[in-house]
Amino acid sequence: MTGLLVGGGVGGAVLSLLALRDLFSFADTEPAHPVRGGWFLLACAVLLVAAPLTATGIGVRHQRKIYATVCAVLSLAGLVAGGLIALSGLRETGLVEKPAPVVATTPARHCVELSGGDTRCPGG
């Protein structure tokens, strides 16, 4: 039972490192394989939830209440972390659209005469 949790933790770490390898980019280059990195992130998210949840089921079946409780708490933590990782993975694979980049607008720096007003610019 503990091996399942250790395997899930090690597997999650390996999958996240593989995803970072494919998603990492410098300032002037694009990521190497963003779609493949997204799939690694999705697999990591599933593993973070599935391993502790399975261990919880095994603990309940063998009537180990403390073990089942600890694994249930780990399942909830994995659900939160896995949800955040899965959202990023879904964006990278293209299954969910990435949010549009924020474009900073610059205010007008010239005088605009409004109808009905005088011909002077505000402020001088």
Side-chain angles (χ1 to χ4, degrees):
M1 290 186 287
T2 305
L4 184 63
L5 293 177
V6 171
V10 170
V14 168
L15 286 171
S16 64
L17 287 175
L18 289 173
L20 285 177
R21 179 196 65 187
D22 288 339
L23 295 173
F24 187 75
S25 67
F26 292 105
D28 59 343
T29 61
E30 293 293 319
H33 304 284
V35 175
R36 184 172 65 182
W39 286 110
F40 281 135
L41 286 177
L42 287 175
C44 178
V46 168
L47 189 62
L48 284 176
V49 175
L53 194 61
T54 304
T56 302
I58 292 171
V60 168
R61 182 175 170 98
H62 291 282
Q63 297 177 353
R64 296 187 177 185
K65 293 180 183 180
I66 294 175
Y67 184 83
T69 304
V70 169
C71 291
V73 170
L74 290 175
S75 295
L76 290 175
L79 187 63
V80 171
L84 295 173
I85 292 171
L87 183 60
S88 178
L90 287 171
R91 286 182 182 153
E92 290 299 326
T93 57
L95 297 174
V96 172
E97 290 185 21
K98 292 182 181 180
V102 177
V103 178
T105 58
T106 57
R109 296 182 185 259
H110 59 279
C111 183
V112 178
E113 187 177 333
L114 300 175
S115 75
D118 54 10
T119 59
R120 294 179 304 164
C121 289

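Index from 1, following the sequence.
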Enquirer: What pair of heavy atoms forms the shortest contact from G8 to A51, and how long is it?
Expert: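 Result for this residue pair: CA-CB, 3.8 Å.
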Enquirer: Same cluster or not: L95 versus V35, using hydrophobic residues (I, L, V, M, F, W, Y) connected whenever any side-chain heavy atoms lie under 4.5 Å apart?
Expert: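 Same hydrophobic cluster.
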Enquirer: With rounding to the nearest 0.5 angstrom, report the CZ to CG distance, F40 to L47.
Expert: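 If we round to the nearest 0.5 Å, F40:CZ and L47:CG are 13.0 Å apart.
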Enquirer: Can a donor-acceptor pair be found, under 3.5 Å and without considering hydrogens, that links the side chain of S75 to the backbone of P52?
Expert: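 Flag set: sc S75 to bb P52 pair under 3.5 Å.
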Enquirer: First locate atom CG of L79, then atom CG of L48, and finally report the distance between them rounded to the nearest 0.5 Å.
Expert: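 Going from CG on L79 over to CG on L48, the span is 10.0 Å.
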Enquirer: Any idea which heavy atoms bring E92 and G38 closest together, and the distance?
Expert: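 In this case the closest contact between E92 and G38 is CB-CA, 3.7 Å.
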Enquirer: Are Y67 and L5 side-chain neighbours, meaning at least one heavy-atom pair lies under 4.5 Å?
Expert: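 Of all side-chain heavy-atom pairs linking L5 with Y67, at least one is under 4.5 Å.
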Enquirer: Mark yes or no for whether T56, through its side chain, and A72, through its backbone, hold a donor-acceptor pair below 3.5 Å.
Expert: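 Checking the backbone N and O of A72 against the side chain of T56, a donor-acceptor pair under 3.5 Å is found.
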Enquirer: Say you draw a straight line from CG of L42 to CG of L90; how long is it, rounded to the nearest 0.5 Å?
Expert: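 It comes to 5.0 Å.
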Enquirer: With a 3.5 Å distance limit and no angle check, can you tell me whether S88 reaches the backbone of I85 through a side-chain donor-acceptor pair?
Expert: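 The answer is no, because no donor-acceptor pair under 3.5 Å joins these two groups.
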Enquirer: Applying the 4.5 Å side-chain criterion to the ILVMFWY set and letting contacts propagate, would L23 and L84 be lumped into a single cluster?
Expert: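 In one cluster: no.
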Enquirer: Please name the pair of heavy atoms, one in G12 and one in C44, separated by the smallest distance, quoted to 0.1 Å.
Expert: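 G12 and C44 have their closest heavy atoms at O-SG, 3.4 Å.
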Enquirer: Say whether L15 and V10 are linked into one hydrophobic cluster, either directly or through other cluster members, by side-chain heavy-atom distances under 4.5 angstrom.
Expert: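 Yes, L15 and V10 fall within the same hydrophobic cluster.
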Enquirer: Please report the closest heavy-atom contact between A19 and G37, naming both atoms and the distance.
Expert: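 Minimum heavy-atom separation between A19 and G37: CB-O, 3.5 Å.
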Enquirer: To the nearest 0.5 Å, how far apart are CG in L53 and CD1 in I58?
Expert: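 Atom-to-atom, L53:CG and I58:CD1 are 10.5 Å apart.
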Enquirer: Got a sec: does the CZ of R21 have more than 12 other heavy atoms crowding it under 6.0 Å?
Expert: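 Atom CZ in R21 is crowded, with more than 12 foreign heavy atoms closer than 6.0 Å.
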Enquirer: Is L76 linked to V70 within one hydrophobic cluster, defined over Ile, Leu, Val, Met, Phe, Trp and Tyr using a side-chain heavy-atom separation of less than 4.5 Å?
Expert: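 No, because L76 and V70 fall into different hydrophobic clusters, even though each may have its own neighbours under 4.5 Å.
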